[in-house]
Amino acid sequence: MTPGTPSNPDDLLTDLTPPQIEAVTHRDGPLLVLAGAGSGKTRTITRRVAYLARTGVPARNILAITFTNKAANEMRERIVAAGVGRGPTVCTFHALCARLLREHADRADLPKNYSIFDQSDRLKAIREAVARAELAAERFVPSAVEGVISQAKNQLETAAVYTAEASDWPSRTLARVYTAYEALLAEQNALDFDDLLMRMALLLRRDEELRDRLEDRFRYVLIDEYQDTNHAQYVIAHQLAVKHQNICATGDPDQSIYAWRGADISNIMEFEQDYPQAKVVRLEQNYRSTKAILSAASRLIAANVQRRTKGLWTENPQGDPVRVVECVDADDEADFVAETIAEMAGSRPLSDIAIFYRVNAMTRVLEEALLREGIAYQIARGVEFYNRKEIKDALAYLRIIVNPADEVSLLRIINDPPRGIGKTSVDRLVAQARASGQTVFEAALQADRIDALKRSAPKVKAFAEMVQEWQQQSDAPVRRMLEEMLLDSGMQGVLDRAGLESDQVANVNELITAAQEYDQANPDGSLTEWLQQISLVSDVDSVDESSGAVTLMTLHAAKGLEFPVVLIVGLEDGLLPHARALALRADPSEMEEERRLCFVGMTRAQQVLIMSRARYRTLRGVTERMTQSRFLAELPGDETLTESRRESSDAFDEWSQAAPSEFSRLRKGQLIRHPMFGFGRLTWIDPHGQRTRAGVRFTTGVEKTLILEYAKIQVIKE
DNA sequence: ACGCCAGAAGTTTTT
DNA sequence: CTTCTGGCGT
């Protein structure tokens with residue numbers, strides 16, 4: 001279908017259910033689609049976009065916001081397939097903001113060529129900010145400070161606002177770090193991920209004229225995964241929809257899994273209060289999973305207290321029961337996974353199969369086992385590619401071409417590959433820049449005038465001039481720019497020495513390919529735009545359905561996807577739910593989020609769902625006995641089938657079922673005394689006869705694991 | 001100036 | 001157990 005071809009928009013409705021049709025055909029005014037897992041949400045949104053376009057809404061007036069780039073690309077393809085063309089804007093919140101801030105840089109009071117700082121750039125800047133605020137680095141762990149700043153930005157609290165509101169000493173001190181950090185970013189023309197959202201939200205609030213223009217441009221706004229939007233995203237969406245009120249939010253509170261990142265579930269829960277005229281459509285029929293899978297998942301999620309009950313049903317066949325498999329340890333579990341997949345490989349393509357886990361660290365054993373069985377796999381971790389040293393270096397070079405004020409990037413590569421500019425010289429150069437109020441790059445250009453640099457001065461100057469030469473040709477195609485830079489910088493030499501077979505060369509080649517693809521897709525593109533675009537890749541963006549391989553990913557990355565066969569590993573207390581949610585001071589809502597995470601994983605499965613756990617797991621070098629996840633106990637017995645990889649006579653079981661020992665009188669919560677550490681309370685006990693261990697939180701605040709056979713503790717009070 | 005080694009620290013999830 | 005950092009030796 002091409003634009004202009006006469007067509008009946010009702011063709012778009014023929015295979016939809018009544019509630020789906022309601023959502024698709026609703027024209028003006030706010031719309032909330034509460035879409036349960038597997039209820040055809042993506043299809044509904046896509047159809048809605050197509051329907052709007054075919055019933056008179058100019059395609060360019062439609063904005064669809066997705067959670068990942070991958071989801072955006074897929075939706076765009078589907079919209080094109082529905083005959084709408086490339087008119088609608090389909091992207092993530094971050095990509096939208098990056099683009100709009102570039103387009104309206106003057107109004108946003110920003111340079112167009114700003115750098116986007118990733119996690120590690122940001123941590124470096126925070127360390128520097130802590131130093132500048134003259135605070136003890138030990139007291140201010142960068143990652144903790146980062147969390148505070150990130151949270152503030154999500155709440156649209158600028159450094160100035162945060163400072164004004166800081167009343168106690170800790171927050172006043174953090175306000176100083178935040179202020180210093182913001183100054184650092186400003187000096188470097190850099191934004192972090194949260195800035196993209198905060199800047200855009202604040203800009204829309206204060207610049208009425210721009211808001212008005214954007215409201216007219218994006219007359220129809222659709223937001224997917226609304227349950228995982230944070231406050232800043234909420235404000236952006238709201239500002240864009242104030243005038244026309246054509247906001248369509250879709251989501252599922254049961255699939256909210258990003259509260260830790262600032263997502264605010266009340267955005268979706270209170271949609272009807274925010275938009276009193278809102279029409280609400282519920283999609284509760286599941287088209288994805290078998291009855292067995294769906295009822296197991298439904299039973300699990302029903303254990304959440306903070307939840308509006310909701311029925312999810314399916315007309316799909318009953319299917320096989322959900323298998324729960326108890327393995328001996330992580331290696332055994334990985335073997336089980338690999339063997340099971342090998343058996344299935346004859347009857348279905350590997351790309352049908354996915355393995356989910358709670359933490360990335362669990363991939364190693366799985367990879368080894370899959371390799372042994374000769375099973376092709378891909379791991380969803382696009383971000384990791386961009387964290388490789390050679391990639392970060394190459395991008396740092398490109399970033400200073402575009403934005404020479406980007407000090408984090410400049411310092412990263414000023415002597416890499418080595419060009420005789422040592423640490424001392426760099427320190428002196430930075431000191432000179434600070435003293436004269438220049439950027440480090442500006443100071444480097446005049447290195448010959450800095451006496452302190454001595455013999456390295458010509459090298460520094462040569463480096464700066466090399467960057468300047470690149471700058472003069474920076475409107476060349478991205479790929480050519482990249483290759484030129486590799487050659488001139490000496491990186492190519494390093495790569496040549498590493499050899500054609502090396503990972504480094506393969507990675508850089510992949511980057512070159514990415515650059516070339518960008519050039520082809522965007523004839524009017526720019527290096528700036530490409531750099532900003534690739535700063536926003538997510539793990540799942542790298543997943544390729546046609547790869548013919550098993551897909552491995554975290555449960556978080558699995559959201560929005562579906563696979564005929566799903567294996568979820570590590571169903572153990574401490575892993576899923578994660579130990580953090582089990583901690584004594586953990587908020588109960590953390591446990592509920594873990595349960596939703598498990599629910600999300602289970603509901604990705606179409607036909608076969610297998611969940612496994614290990615009795616022993618080695619984490620950071622220590623083997624721990626694991627108890628099964630409480631979530632397994634919450635599954636319905638008649639829909640699940642529990643199997644054990646070993647007879648119960650195995651040594652470990654005997655060990656664990658040993659006769660009650662002298663430690664059997666110990667109970668959780670008892671007050672005890674330790675000769676070295678003093679008083680404390682038992683937080684957990686792991687009974688293994690003589691080998692019984694227990695966790696103790698001492699009054700000093702320290703928590704310790706004690707092997708009771710050796711630790712002579714004394715019970716003070718029952 | 002540079003590379004190596006040893007010790008430390010940090011391990012949830014990510015746009 | 002891994003990865004990174006900082007210090008030390010050349």
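Lettering of chains follows the sequences in order, A, B, ..., and the numbering in each one begins at 1.
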Looking only at the side chain of [X] (C-beta and beyond, no hydrogens), which of the listed nucleotides [options] gets closest?
| X | options | result |
| --- | --- | --- |
| A/His578 | B/dT12, B/dG3, B/dT14 | B/dT12 |
| A/Thr92 | B/dT13, B/dA1, B/dT15 | B/dT15 |
| A/Arg261 | B/dT13, B/dA1, B/dT15 | B/dT15 |
| A/Arg364 | B/dT12, C/dT3, B/dT15 | C/dT3 |

In this structure, how many angstroms lie between the [atom2] atom of [N] and the [atom1] atom of [X], rounded?
| X | N | atom1 | atom2 | answer |
| --- | --- | --- | --- | --- |
| A/His556 | B/dT13 | NE2 | C1' | 4 Å |
| A/Leu191 | B/dT15 | CG | P | 18 Å |
| A/Arg596 | B/dT13 | CZ | P | 18 Å |
| A/Lys389 | C/dT3 | NZ | C1' | 15 Å |
| A/Ile421 | B/dG3 | CD1 | P | 14 Å |
| A/Asp194 | B/dT14 | CG | C1' | 11 Å |
| A/Ile257 | B/dT13 | CD1 | P | 13 Å |
| A/Met200 | B/dT15 | CE | C1' | 17 Å |

Exercise. Identify the residue among A/Leu555, A/Leu632, A/Val359 that makes a side-chain contact (heavy atoms from CB on, under 4.5 Å) with A/Leu576.
Key: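 For A/Leu576, the side-chain contact (heavy atoms from CB on, under 4.5 Å) test succeeds with only one of A/Leu555, A/Leu632, A/Val359, which is A/Leu555.
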
Self-check item: Given A/Val494, A/Leu495, A/Asp393, the one that forms side-chain contact (heavy atoms from CB on, under 4.5 Å) with A/Pro417
Solution: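 With A/Pro417 as partner, A/Val494, A/Leu495, A/Asp393 yield a single side-chain contact (heavy atoms from CB on, under 4.5 Å), made by A/Val494.
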
Strictly below 4.0 Å: does [X] bring a side-chain N or O up to OP1 or OP2 of [N]?
| X | N | result |
| --- | --- | --- |
| A/Asn360 | B/dT11 | no |
| A/Thr554 | B/dT14 | yes |
| A/Asn415 | B/dA1 | no |

Quiz item: So which one's nearest nucleotide on DNA chain B is more toward 5', A/Arg419 or A/Leu197?
Solution: A/Arg419

Quiz item: Between CZ of A/Phe356 and CE of A/Met602, what distance do you get to the nearest 0.5 Å?
Solution: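 Spacing of CZ (A/Phe356) from CE (A/Met602) equals 12.0 Å.
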
Practice problem: May I ask you to decide whether A/Arg595 forms a salt bridge with A/Glu634, counting only side-chain N to carboxylate O separations under 4.0 Å? | Solution: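 The answer is yes: the pair qualifies as a salt bridge.
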
Quiz item: Could A/Arg372 and A/Glu368 be called an ion pair, given the rule that one side-chain N must be under 4.0 Å from one carboxylate O?
Solution: no

Self-check item: Distance between C1' atoms of B/dT12 and C/dT5 (Å, rounded)
Solution: 23 Å

Under 4.0 Å, heavy atoms only, any strand: does [X] hit a base, just the sugar-phosphate, or nothing?
| X | answer |
| --- | --- |
| A/Thr424 | sugar-phosphate |
| A/Gln119 | base |
| A/Ser425 | sugar-phosphate |

Quiz item: Is there a side-chain contact (heavy atoms from CB on, under 4.5 Å) between A/Arg617 and A/Glu333 once you walk through the steps?
Solution: CA-CA 10 Å; A/Arg617 194 172 290 274; A/Glu333 182 182 52; 2.8 Å; yes

Quiz item: Does the ring of A/Trp260 lie flat against the base of B/dT13, closer than 5.5 Å centre to centre with planes under 30°?
Solution: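 Stacking is present between B/dT13 and A/Trp260, given that their ring centres fall under 5.5 Å apart and the planes under 30°.
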
